[in-house]
Amino acid sequence: MTPPDDDSRATSAAAAASSESHTKVLQGRYELGRILGRGGSSKVYRARDLRTGVHVAVKAVRKPPRRPSCPPEEDAAAARRSVERELAALRRVRGHPHVVRLLDVLASRSAVYLVLELARGGTVQSALEDMGRADEPVARRLFAQLASAVAHAHARGVFHRDVKPENLLLDERGDLKLTDFGLCAFAGGGGGELGADGLTATACGSPAYVAPEILLKKRYDPGKADVWSCGVVLFSLTAGYLPFNDGNLMGMYRKICAGRFRCPKWFAPELRSLIGKMLDPNPSTRIKVGGILEHPWLVKDGMSFVVAPTVGSCYYSTPEVVEWEAESELAREMNAFDILTFASGCDLSGLLIGTLSDRVRFIMSGMNGKSVLDQVEELGREEGFVVRRKEEAGFGGVLLVALGGKFVAQVSVYRLHDEILLVEAERASNEEEPKFWDKLRATLKF
Ligand SMILES: Nc1ncnc2c1ncn2[C@@H]1O[C@H](COP(=O)(O)OP(=O)(O)OP(=O)(O)O)[C@@H](O)[C@H]1O
(Lines give C-alpha, C1' and ligand atoms only; values in the text may rest on other atoms or scores of the structure.)
Protein backbone atom coordinates (compact mmCIF):
# COMPACT_ATOMS: atom_id res chain seq x y z
CA MET A 1 0.00 0.00 0.00
CA THR A 2 1.42 3.41 -0.94
CA PRO A 3 1.51 5.88 1.95
CA PRO A 4 -0.70 8.96 1.54
CA ASP A 5 0.96 12.33 0.99
CA ASP A 6 1.37 14.71 3.91
CA ASP A 7 -1.66 16.87 3.31
CA SER A 8 -4.01 13.96 3.10
CA ARG A 9 -2.85 12.32 6.32
CA ALA A 10 -4.90 14.32 8.76
CA THR A 11 -7.99 13.86 6.64
CA SER A 12 -7.45 10.16 6.20
CA ALA A 13 -6.87 9.83 9.94
CA ALA A 14 -10.19 11.44 10.69
CA ALA A 15 -11.94 9.55 7.94
CA ALA A 16 -10.53 6.31 9.26
CA ALA A 17 -12.70 6.34 12.32
CA SER A 18 -15.89 7.07 10.49
CA SER A 19 -15.31 4.49 7.83
CA GLU A 20 -16.07 0.80 8.19
CA SER A 21 -13.10 0.07 5.91
CA HIS A 22 -10.52 -2.26 7.40
CA THR A 23 -7.25 -0.91 6.04
CA LYS A 24 -7.15 2.70 7.21
CA VAL A 25 -4.03 3.84 8.99
CA LEU A 26 -4.40 6.43 11.71
CA GLN A 27 -1.60 9.02 11.61
CA GLY A 28 0.69 6.62 9.84
CA ARG A 29 0.87 4.44 12.92
CA TYR A 30 -2.27 2.53 13.87
CA GLU A 31 -3.76 0.25 11.24
CA LEU A 32 -7.47 0.00 12.00
CA GLY A 33 -9.19 -3.37 11.76
CA ARG A 34 -12.67 -4.57 12.63
CA ILE A 35 -15.04 -2.80 14.99
CA LEU A 36 -14.94 -4.33 18.47
CA GLY A 37 -17.84 -2.39 19.90
CA ARG A 38 -19.84 0.80 19.75
CA GLY A 39 -20.85 3.23 22.42
CA GLY A 40 -23.11 6.27 22.48
CA SER A 41 -20.57 8.56 20.85
CA SER A 42 -17.76 6.19 19.97
CA LYS A 43 -16.63 3.29 17.86
CA VAL A 44 -13.94 0.99 19.15
CA TYR A 45 -11.63 -0.64 16.59
CA ARG A 46 -9.14 -3.41 16.85
CA ALA A 47 -5.88 -1.97 15.51
CA ARG A 48 -2.21 -2.74 15.07
CA ASP A 49 0.60 -0.41 16.03
CA LEU A 50 2.70 -0.50 12.84
CA ARG A 51 5.82 0.55 14.73
CA THR A 52 5.75 -2.23 17.30
CA GLY A 53 3.36 -4.79 15.79
CA VAL A 54 1.36 -4.75 19.05
CA HIS A 55 -2.41 -5.12 18.77
CA VAL A 56 -4.41 -2.39 20.50
CA ALA A 57 -7.94 -1.02 20.70
CA VAL A 58 -8.63 2.45 19.29
CA LYS A 59 -11.66 4.22 20.69
CA ALA A 60 -12.69 6.93 18.24
CA VAL A 61 -14.78 9.52 20.05
CA ARG A 62 -16.37 11.84 17.55
CA LYS A 63 -17.95 15.19 18.16
CA PRO A 64 -21.70 14.61 18.03
CA PRO A 65 -23.67 15.97 15.07
CA ARG A 66 -25.09 19.39 15.80
CA ARG A 67 -28.68 19.42 16.99
CA PRO A 68 -30.79 22.24 15.58
CA SER A 69 -32.08 23.10 19.08
CA CYS A 70 -28.59 23.43 20.48
CA PRO A 71 -26.12 26.19 19.64
CA PRO A 72 -22.99 24.74 17.99
CA GLU A 73 -20.66 25.96 20.75
CA GLU A 74 -22.68 24.06 23.34
CA ASP A 75 -22.36 20.78 21.40
CA ALA A 76 -18.64 21.23 20.92
CA ALA A 77 -18.13 22.12 24.57
CA ALA A 78 -20.13 19.09 25.76
CA ALA A 79 -18.21 16.72 23.50
CA ARG A 80 -14.94 18.18 24.63
CA ARG A 81 -15.88 17.97 28.31
CA SER A 82 -16.82 14.32 27.99
CA VAL A 83 -13.54 13.35 26.30
CA GLU A 84 -11.53 15.43 28.75
CA ARG A 85 -13.31 13.73 31.62
CA GLU A 86 -12.48 10.25 30.33
CA LEU A 87 -8.88 11.24 29.63
CA ALA A 88 -8.42 12.88 33.00
CA ALA A 89 -9.88 9.83 34.74
CA LEU A 90 -7.73 7.35 32.82
CA ARG A 91 -4.72 9.48 33.68
CA ARG A 92 -5.51 9.54 37.37
CA VAL A 93 -6.16 5.83 37.63
CA ARG A 94 -3.62 4.54 35.16
CA GLY A 95 -1.26 1.75 35.98
CA HIS A 96 -3.60 -0.50 37.92
CA PRO A 97 -3.59 -4.05 36.51
CA HIS A 98 -7.40 -4.16 36.42
CA VAL A 99 -8.04 -0.78 34.84
CA VAL A 100 -7.77 -0.62 31.06
CA ARG A 101 -4.47 0.99 30.09
CA LEU A 102 -4.35 4.17 28.03
CA LEU A 103 -1.41 3.89 25.64
CA ASP A 104 -1.68 6.97 23.48
CA VAL A 105 -3.97 9.78 22.47
CA LEU A 106 -4.38 11.25 19.01
CA ALA A 107 -6.63 14.10 18.08
CA SER A 108 -7.96 15.58 14.89
CA ARG A 109 -10.43 18.32 14.13
CA SER A 110 -13.41 16.01 14.35
CA ALA A 111 -12.42 13.27 16.79
CA VAL A 112 -10.19 12.16 19.60
CA TYR A 113 -8.71 8.67 19.44
CA LEU A 114 -7.89 6.87 22.65
CA VAL A 115 -5.43 4.07 22.05
CA LEU A 116 -6.13 1.46 24.72
CA GLU A 117 -4.69 -1.90 25.60
CA LEU A 118 -6.62 -4.57 23.74
CA ALA A 119 -8.85 -6.80 25.82
CA ARG A 120 -9.12 -9.95 23.73
CA GLY A 121 -11.67 -11.76 25.86
CA GLY A 122 -14.66 -9.49 25.15
CA THR A 123 -16.82 -8.13 27.95
CA VAL A 124 -18.12 -9.75 31.14
CA GLN A 125 -21.58 -9.14 29.67
CA SER A 126 -20.83 -11.31 26.62
CA ALA A 127 -19.19 -13.96 28.85
CA LEU A 128 -22.33 -14.04 31.04
CA GLU A 129 -24.49 -14.40 27.93
CA ASP A 130 -22.35 -17.39 26.88
CA MET A 131 -21.89 -19.16 30.20
CA GLY A 132 -25.04 -18.16 32.10
CA ARG A 133 -23.28 -17.63 35.41
CA ALA A 134 -19.78 -17.95 36.81
CA ASP A 135 -18.65 -20.65 39.25
CA GLU A 136 -18.01 -19.23 42.70
CA PRO A 137 -14.18 -19.25 42.47
CA VAL A 138 -14.30 -17.55 39.06
CA ALA A 139 -16.83 -15.00 40.32
CA ARG A 140 -14.68 -14.38 43.39
CA ARG A 141 -11.58 -13.76 41.29
CA LEU A 142 -13.36 -11.43 38.86
CA PHE A 143 -15.16 -9.58 41.62
CA ALA A 144 -11.93 -9.18 43.61
CA GLN A 145 -10.35 -7.63 40.54
CA LEU A 146 -13.32 -5.30 40.07
CA ALA A 147 -13.37 -4.26 43.74
CA SER A 148 -9.63 -3.67 43.62
CA ALA A 149 -9.94 -1.46 40.50
CA VAL A 150 -12.85 0.51 41.97
CA ALA A 151 -11.03 0.95 45.29
CA HIS A 152 -7.99 2.19 43.42
CA ALA A 153 -10.08 4.66 41.42
CA HIS A 154 -11.79 5.93 44.60
CA ALA A 155 -8.42 6.32 46.31
CA ARG A 156 -7.42 8.51 43.37
CA GLY A 157 -10.62 10.57 43.64
CA VAL A 158 -12.35 9.03 40.61
CA PHE A 159 -15.88 7.66 40.89
CA HIS A 160 -16.87 5.57 37.88
CA ARG A 161 -20.69 5.89 38.04
CA ASP A 162 -21.35 3.38 35.25
CA VAL A 163 -20.12 0.04 36.59
CA LYS A 164 -21.89 -2.69 34.63
CA PRO A 165 -20.81 -5.90 32.83
CA GLU A 166 -20.58 -4.10 29.44
CA ASN A 167 -17.86 -1.90 30.92
CA LEU A 168 -15.86 -4.81 32.32
CA LEU A 169 -13.47 -6.19 29.73
CA LEU A 170 -11.59 -9.49 29.86
CA ASP A 171 -8.07 -10.05 28.63
CA GLU A 172 -6.75 -13.25 27.06
CA ARG A 173 -6.19 -14.78 30.51
CA GLY A 174 -9.69 -13.97 31.63
CA ASP A 175 -8.57 -11.14 33.90
CA LEU A 176 -10.85 -8.16 34.29
CA LYS A 177 -10.17 -4.60 33.10
CA LEU A 178 -12.46 -1.78 34.16
CA THR A 179 -13.16 0.64 31.30
CA ASP A 180 -15.33 3.54 30.11
CA PHE A 181 -14.82 6.41 32.55
CA GLY A 182 -16.87 8.77 30.39
CA LEU A 183 -19.49 9.34 33.12
CA CYS A 184 -17.16 9.54 36.09
CA ALA A 185 -17.05 12.22 38.79
CA PHE A 186 -13.92 13.59 40.44
CA ALA A 187 -13.31 14.41 44.05
CA GLY A 188 -11.71 17.75 44.76
CA GLY A 189 -13.13 19.71 41.85
CA GLY A 190 -11.04 18.04 39.14
CA GLY A 191 -13.63 18.73 36.46
CA GLY A 192 -16.41 16.76 38.11
CA GLU A 193 -19.46 18.17 39.81
CA LEU A 194 -19.06 17.07 43.43
CA GLY A 195 -20.08 19.72 45.92
CA ALA A 196 -18.09 20.66 49.03
CA ASP A 197 -20.01 17.87 50.82
CA GLY A 198 -18.59 15.33 48.35
CA LEU A 199 -22.07 14.68 46.97
CA THR A 200 -23.43 15.04 43.47
CA ALA A 201 -26.88 15.29 41.93
CA THR A 202 -26.13 14.21 38.37
CA ALA A 203 -28.29 11.25 37.41
CA CYS A 204 -26.28 8.72 35.47
CA GLY A 205 -25.67 5.01 35.14
CA SER A 206 -27.63 2.20 33.56
CA PRO A 207 -31.14 1.45 34.92
CA ALA A 208 -30.58 -2.07 36.27
CA TYR A 209 -27.30 -1.10 37.99
CA VAL A 210 -28.26 2.32 39.30
CA ALA A 211 -28.43 3.00 43.05
CA PRO A 212 -31.76 3.91 44.71
CA GLU A 213 -30.54 7.32 45.89
CA ILE A 214 -29.92 8.28 42.24
CA LEU A 215 -33.41 7.13 41.22
CA LEU A 216 -34.83 9.13 44.13
CA LYS A 217 -33.01 12.18 42.74
CA LYS A 218 -31.23 12.81 46.04
CA ARG A 219 -27.78 14.28 46.32
CA TYR A 220 -25.63 11.20 46.56
CA ASP A 221 -22.18 9.93 47.40
CA PRO A 222 -20.80 8.58 44.08
CA GLY A 223 -18.51 6.14 45.93
CA LYS A 224 -21.52 4.51 47.59
CA ALA A 225 -23.35 4.44 44.25
CA ASP A 226 -20.39 2.55 42.73
CA VAL A 227 -20.60 0.03 45.60
CA TRP A 228 -24.27 -0.56 44.77
CA SER A 229 -23.50 -1.14 41.07
CA CYS A 230 -20.70 -3.54 42.02
CA GLY A 231 -23.26 -5.39 44.18
CA VAL A 232 -25.55 -5.79 41.18
CA VAL A 233 -22.58 -7.07 39.15
CA LEU A 234 -21.67 -9.58 41.87
CA PHE A 235 -25.24 -10.84 42.07
CA SER A 236 -25.44 -11.18 38.26
CA LEU A 237 -22.10 -13.00 38.10
CA THR A 238 -23.06 -15.56 40.71
CA ALA A 239 -26.78 -15.92 39.96
CA GLY A 240 -26.73 -15.51 36.18
CA TYR A 241 -29.57 -12.99 36.29
CA LEU A 242 -30.24 -9.49 37.62
CA PRO A 243 -31.30 -8.97 41.25
CA PHE A 244 -33.89 -6.34 40.33
CA ASN A 245 -35.97 -7.15 37.31
CA ASP A 246 -39.49 -6.49 36.26
CA GLY A 247 -41.61 -6.39 33.12
CA ASN A 248 -41.68 -2.61 33.29
CA LEU A 249 -39.14 0.00 34.28
CA MET A 250 -41.24 1.53 37.08
CA GLY A 251 -41.65 -1.91 38.65
CA MET A 252 -37.88 -2.40 38.52
CA TYR A 253 -37.28 1.04 40.04
CA ARG A 254 -39.66 0.26 42.90
CA LYS A 255 -37.76 -2.96 43.69
CA ILE A 256 -34.44 -1.11 43.55
CA CYS A 257 -35.63 1.63 45.90
CA ALA A 258 -36.95 -0.92 48.37
CA GLY A 259 -33.78 -3.04 48.01
CA ARG A 260 -36.11 -6.00 47.33
CA PHE A 261 -34.30 -8.99 45.85
CA ARG A 262 -34.05 -12.71 46.56
CA CYS A 263 -30.85 -14.73 46.51
CA PRO A 264 -30.86 -18.14 44.82
CA LYS A 265 -30.72 -21.03 47.26
CA TRP A 266 -27.24 -22.10 46.19
CA PHE A 267 -25.71 -18.82 47.46
CA ALA A 268 -23.33 -19.47 50.36
CA PRO A 269 -24.10 -17.54 53.60
CA GLU A 270 -21.00 -15.38 53.22
CA LEU A 271 -21.93 -14.45 49.67
CA ARG A 272 -25.47 -13.55 50.82
CA SER A 273 -24.00 -11.43 53.57
CA LEU A 274 -21.71 -9.48 51.22
CA ILE A 275 -24.42 -8.89 48.61
CA GLY A 276 -26.85 -7.82 51.34
CA LYS A 277 -24.37 -5.24 52.61
CA MET A 278 -23.74 -3.89 49.10
CA LEU A 279 -27.38 -3.81 48.04
CA ASP A 280 -28.41 -1.90 51.14
CA PRO A 281 -30.84 0.79 49.90
CA ASN A 282 -29.63 3.14 52.63
CA PRO A 283 -26.30 4.58 51.41
CA SER A 284 -25.25 5.65 54.91
CA THR A 285 -25.30 2.05 56.19
CA ARG A 286 -24.13 0.48 52.91
CA ILE A 287 -20.70 -1.15 53.08
CA LYS A 288 -17.77 0.95 51.83
CA VAL A 289 -15.40 -0.30 49.17
CA GLY A 290 -12.65 -0.84 51.75
CA GLY A 291 -15.05 -3.05 53.73
CA ILE A 292 -15.74 -5.19 50.67
CA LEU A 293 -12.06 -5.99 50.32
CA GLU A 294 -11.98 -7.28 53.90
CA HIS A 295 -15.22 -9.27 53.69
CA PRO A 296 -14.84 -13.02 54.54
CA TRP A 297 -16.38 -14.10 51.20
CA LEU A 298 -13.58 -12.36 49.35
CA VAL A 299 -10.71 -13.26 51.62
CA LYS A 300 -10.79 -16.90 50.62
CA ASP A 301 -8.71 -19.12 48.34
CA GLY A 302 -5.55 -17.49 49.71
CA MET A 303 -6.44 -14.05 48.35
CA SER A 304 -5.35 -11.05 50.30
CA PHE A 305 -5.53 -7.33 49.87
CA VAL A 306 -2.84 -4.92 50.79
CA VAL A 307 -3.07 -1.19 51.29
CA ALA A 308 -0.36 0.48 49.26
CA PRO A 309 1.01 3.28 51.45
CA THR A 310 2.48 5.22 48.51
CA VAL A 311 -0.81 5.68 46.71
CA GLY A 312 -3.16 5.03 49.61
CA SER A 313 -5.17 2.52 47.63
CA CYS A 314 -6.16 -1.07 48.18
CA TYR A 315 -5.01 -3.58 45.65
CA TYR A 316 -5.16 -7.19 44.78
CA SER A 317 -1.89 -8.63 45.96
CA THR A 318 -0.32 -10.46 43.04
CA PRO A 319 3.15 -10.26 41.46
CA GLU A 320 1.60 -8.18 38.64
CA VAL A 321 0.48 -5.60 41.15
CA VAL A 322 3.89 -5.41 42.72
CA GLU A 323 5.37 -4.92 39.24
CA TRP A 324 2.76 -2.26 38.50
CA GLU A 325 3.70 -0.39 41.66
CA ALA A 326 7.31 -0.24 40.52
CA GLU A 327 6.37 0.73 36.97
CA SER A 328 3.96 3.45 38.00
CA GLU A 329 6.71 5.17 39.95
CA LEU A 330 8.72 5.32 36.73
CA ALA A 331 5.90 6.28 34.41
CA ARG A 332 6.16 10.00 34.93
CA GLU A 333 7.21 11.16 31.50
CA MET A 334 4.96 13.30 29.37
CA ASN A 335 3.00 11.73 26.58
CA ALA A 336 0.30 12.88 24.23
CA PHE A 337 -2.25 12.20 26.89
CA ASP A 338 -0.63 14.60 29.33
CA ILE A 339 -0.59 17.25 26.67
CA LEU A 340 -4.30 17.07 26.19
CA THR A 341 -4.82 17.34 29.91
CA PHE A 342 -2.35 20.16 30.36
CA ALA A 343 -3.62 22.00 27.36
CA SER A 344 -7.20 22.13 28.54
CA GLY A 345 -7.13 25.89 28.07
CA CYS A 346 -5.97 25.61 24.45
CA ASP A 347 -7.98 24.96 21.36
CA LEU A 348 -7.18 21.34 20.63
CA SER A 349 -8.83 21.28 17.24
CA GLY A 350 -6.34 20.22 14.61
CA LEU A 351 -3.78 19.18 17.18
CA LEU A 352 -2.23 15.97 15.90
CA ILE A 353 0.34 14.28 18.03
CA GLY A 354 2.23 11.31 16.79
CA THR A 355 4.87 10.07 14.46
CA LEU A 356 4.77 9.82 10.68
CA SER A 357 7.65 8.47 8.63
CA ASP A 358 8.90 11.98 7.83
CA ARG A 359 7.22 14.20 10.40
CA VAL A 360 7.22 13.94 14.16
CA ARG A 361 5.49 15.98 16.84
CA PHE A 362 6.63 15.61 20.37
CA ILE A 363 6.86 17.31 23.71
CA MET A 364 9.88 18.87 25.35
CA SER A 365 9.65 20.04 28.91
CA GLY A 366 11.92 22.28 30.97
CA MET A 367 13.43 23.83 27.81
CA ASN A 368 13.42 27.29 26.36
CA GLY A 369 11.93 27.34 22.84
CA LYS A 370 14.50 29.78 21.51
CA SER A 371 17.44 27.65 22.65
CA VAL A 372 15.88 24.56 21.00
CA LEU A 373 15.80 26.45 17.70
CA ASP A 374 19.35 27.73 18.27
CA GLN A 375 20.54 24.11 18.59
CA VAL A 376 18.80 23.16 15.33
CA GLU A 377 20.32 26.19 13.60
CA GLU A 378 23.81 25.27 14.79
CA LEU A 379 23.42 21.67 13.68
CA GLY A 380 22.20 22.80 10.23
CA ARG A 381 25.21 25.08 9.77
CA GLU A 382 27.62 22.31 10.83
CA GLU A 383 26.10 20.12 8.11
CA GLY A 384 26.54 22.85 5.51
CA PHE A 385 22.87 23.64 4.92
CA VAL A 386 21.37 27.04 4.29
CA VAL A 387 19.59 27.95 7.49
CA ARG A 388 16.67 30.35 7.71
CA ARG A 389 14.89 31.38 10.88
CA LYS A 390 11.12 31.63 10.34
CA GLU A 391 8.63 33.91 12.06
CA GLU A 392 5.72 31.66 12.97
CA ALA A 393 3.23 31.19 15.75
CA GLY A 394 4.91 30.20 19.02
CA PHE A 395 8.67 30.47 19.05
CA GLY A 396 8.89 30.23 15.28
CA GLY A 397 10.87 27.76 13.26
CA VAL A 398 14.09 26.93 11.50
CA LEU A 399 14.09 25.99 7.81
CA LEU A 400 17.03 23.98 6.50
CA VAL A 401 17.72 23.95 2.79
CA ALA A 402 20.48 22.18 0.81
CA LEU A 403 22.85 24.24 -1.34
CA GLY A 404 20.84 23.63 -4.53
CA GLY A 405 17.80 25.11 -2.79
CA LYS A 406 16.18 21.75 -2.04
CA PHE A 407 14.11 21.50 1.16
CA VAL A 408 15.84 19.33 3.78
CA ALA A 409 13.95 19.82 7.01
CA GLN A 410 12.06 22.25 9.17
CA VAL A 411 11.63 22.45 12.92
CA SER A 412 8.93 24.56 14.61
CA VAL A 413 8.40 25.10 18.32
CA TYR A 414 5.14 26.03 20.07
CA ARG A 415 4.58 26.71 23.75
CA LEU A 416 1.85 24.58 25.31
CA HIS A 417 2.14 25.40 28.98
CA ASP A 418 4.85 27.22 30.93
CA GLU A 419 7.95 25.24 30.00
CA ILE A 420 6.15 22.57 28.00
CA LEU A 421 6.88 22.82 24.29
CA LEU A 422 5.31 21.10 21.33
CA VAL A 423 8.04 20.56 18.74
CA GLU A 424 7.35 19.59 15.16
CA ALA A 425 10.18 18.32 12.98
CA GLU A 426 9.60 17.57 9.33
CA ARG A 427 11.91 16.33 6.59
CA ALA A 428 11.70 16.06 2.83
CA SER A 429 11.45 12.30 2.71
CA ASN A 430 12.80 9.49 4.79
CA GLU A 431 15.28 8.49 2.06
CA GLU A 432 17.06 11.87 1.99
CA GLU A 433 19.65 13.02 4.47
CA PRO A 434 19.09 10.11 6.89
CA LYS A 435 22.27 10.97 8.79
CA PHE A 436 21.16 14.53 9.37
CA TRP A 437 17.78 13.29 10.62
CA ASP A 438 19.56 10.93 13.03
CA LYS A 439 21.66 13.82 14.35
CA LEU A 440 18.56 15.95 14.76
CA ARG A 441 16.89 13.07 16.59
CA ALA A 442 19.89 12.78 18.92
CA THR A 443 19.96 16.54 19.55
CA LEU A 444 16.26 16.94 20.22
CA LYS A 445 15.85 13.45 21.75
CA PHE A 446 12.75 12.29 19.87
N1 LIG B 1 -9.82 -1.89 25.20
C2 LIG B 1 -10.77 -2.59 24.59
N3 LIG B 1 -10.54 -3.83 24.11
C4 LIG B 1 -11.51 -4.53 23.50
N5 LIG B 1 -12.77 -4.09 23.32
C6 LIG B 1 -13.08 -2.86 23.78
C7 LIG B 1 -12.11 -2.05 24.43
N8 LIG B 1 -12.71 -0.88 24.79
C9 LIG B 1 -13.97 -0.97 24.39
N10 LIG B 1 -14.23 -2.15 23.77
C11 LIG B 1 -15.50 -2.58 23.18
O12 LIG B 1 -16.23 -1.44 22.74
C13 LIG B 1 -17.45 -1.28 23.48
C14 LIG B 1 -17.73 0.20 23.71
O15 LIG B 1 -16.67 0.77 24.47
P16 LIG B 1 -16.94 1.87 25.58
O17 LIG B 1 -17.92 1.34 26.59
O18 LIG B 1 -15.64 2.34 26.10
O19 LIG B 1 -17.64 2.99 24.68
P20 LIG B 1 -18.59 4.19 25.12
O21 LIG B 1 -18.83 5.07 23.93
O22 LIG B 1 -17.98 4.88 26.28
O23 LIG B 1 -19.87 3.39 25.55
P24 LIG B 1 -21.17 3.91 26.32
O25 LIG B 1 -21.99 4.67 25.32
O26 LIG B 1 -21.81 2.62 26.77
O27 LIG B 1 -20.71 4.76 27.45
C28 LIG B 1 -17.24 -2.11 24.75
O29 LIG B 1 -18.45 -2.58 25.31
C30 LIG B 1 -16.38 -3.26 24.23
O31 LIG B 1 -17.18 -4.23 23.57
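Residues: numbered from 1 along the sequence shown. Note that this is a predicted model, so its numbers are computed, not measured. Start at 1 and go down the list; that is how both ligands and their atoms are numbered.
- Taking the centre and axis of the six-membered ring of Trp297, the NZ or CZ atom of Arg272 falls outside the cone set by 45° and 6.0 Å.
- Taking the six-membered ring wherever Trp is involved, the centroid distance between the rings of Trp228 and Phe244 falls below 6.0 Å.
- In terms of protein heavy-atom proximity, atom 13 (C) of ligand 1 is nearest to Gly37 CA, 3.8 Å.
- Taking a cutoff of 4.0 Å between a charged side-chain nitrogen and a carboxylate oxygen, Arg286 and Glu213 qualify as a salt bridge.
- When hydrogens are left out, the protein atom nearest atom 21 (O) of ligand 1 is Ser42 OG, 2.5 Å; that is the closest non-hydrogen contact.
- Of the protein's non-hydrogen atoms, Gly40 N, 2.5 Å is the one closest to atom 25 (O) of ligand 1.
- Nearest to atom 5 (N) of ligand 1 among the protein's heavy atoms is Leu36 CD1, 3.8 Å.
- Within the 4.0 Å heavy-atom criterion, neither part of Leu183 lies near ligand 1.
- Checked by atom type, the side-chain pair Asp226/Ser229 shows no donor-acceptor distance below 3.5 Å.
- Under a 4.0 Å criterion applied to the non-hydrogen atoms of Val44, ligand 1 contributes the atoms 6 (C), 7 (C), 8 (N), 9 (C), 10 (N), 12 (O), 14 (C), 15 (O).
- In summary, the atoms of ligand 1 found under 4.0 Å from a heavy atom of Glu166, numbered by their order in the structure, are 29 (O).
- With hydrogens left out, the protein atom closest to atom 16 (P) of ligand 1 is Lys59 NZ, 3.7 Å, a heavy atom.
- Salt-bridge annotation for Glu31 and Lys24: absent, with no side-chain N of the basic residue lying under 4.0 Å from a carboxylate O of the acidic one.
- A donor atom on one side chain and an acceptor atom on the other are found under 3.5 Å apart for Tyr30 and Asp104.
- Set against the non-hydrogen atoms of Asn167, the atoms of ligand 1 under 4.0 Å away are 17 (O).
- Taking the six-membered ring where the residue is Trp, Tyr241 and Phe235 present perpendicular rings, their angle passing 60° and hence far from 30°.
- Donor-acceptor pairing under 3.5 Å is lacking for the side chains of Asn167 and Thr179.
- Counting protein heavy atoms only, atom 4 (C) of ligand 1 is closest to Ala119 O, 3.3 Å.
- Looking only at heavy atoms of the protein, atom 24 (P) of ligand 1 is closest to Asp180 OD2, 3.5 Å.
- Considering Leu169, Val58, Leu90 as possible partners of Leu116, the one that fulfils the side chain to side chain contact (heavy atoms under 4.5 Å, CB included) test is Leu90.
- Here the heavy atom of the protein found nearest to atom 1 (N) of ligand 1 is Glu117 O, 2.9 Å.
- Shown in contact with Thr123 at under 4.0 Å from a heavy atom are these atoms of ligand 1, numbered in order with element: 29 (O), 30 (C), 31 (O).
- Lys255 and Asp246 are joined by a salt bridge, as a carboxylate oxygen and a charged side-chain nitrogen come within less than 4.0 angstrom of each other.
- Counting heavy atoms closer than 4.0 Å to ligand 1, residue Glu86 contributes nothing at all.
- Set against the non-hydrogen atoms of Ala57, the atoms of ligand 1 under 4.0 Å away are 1 (N), 2 (C), 3 (N).
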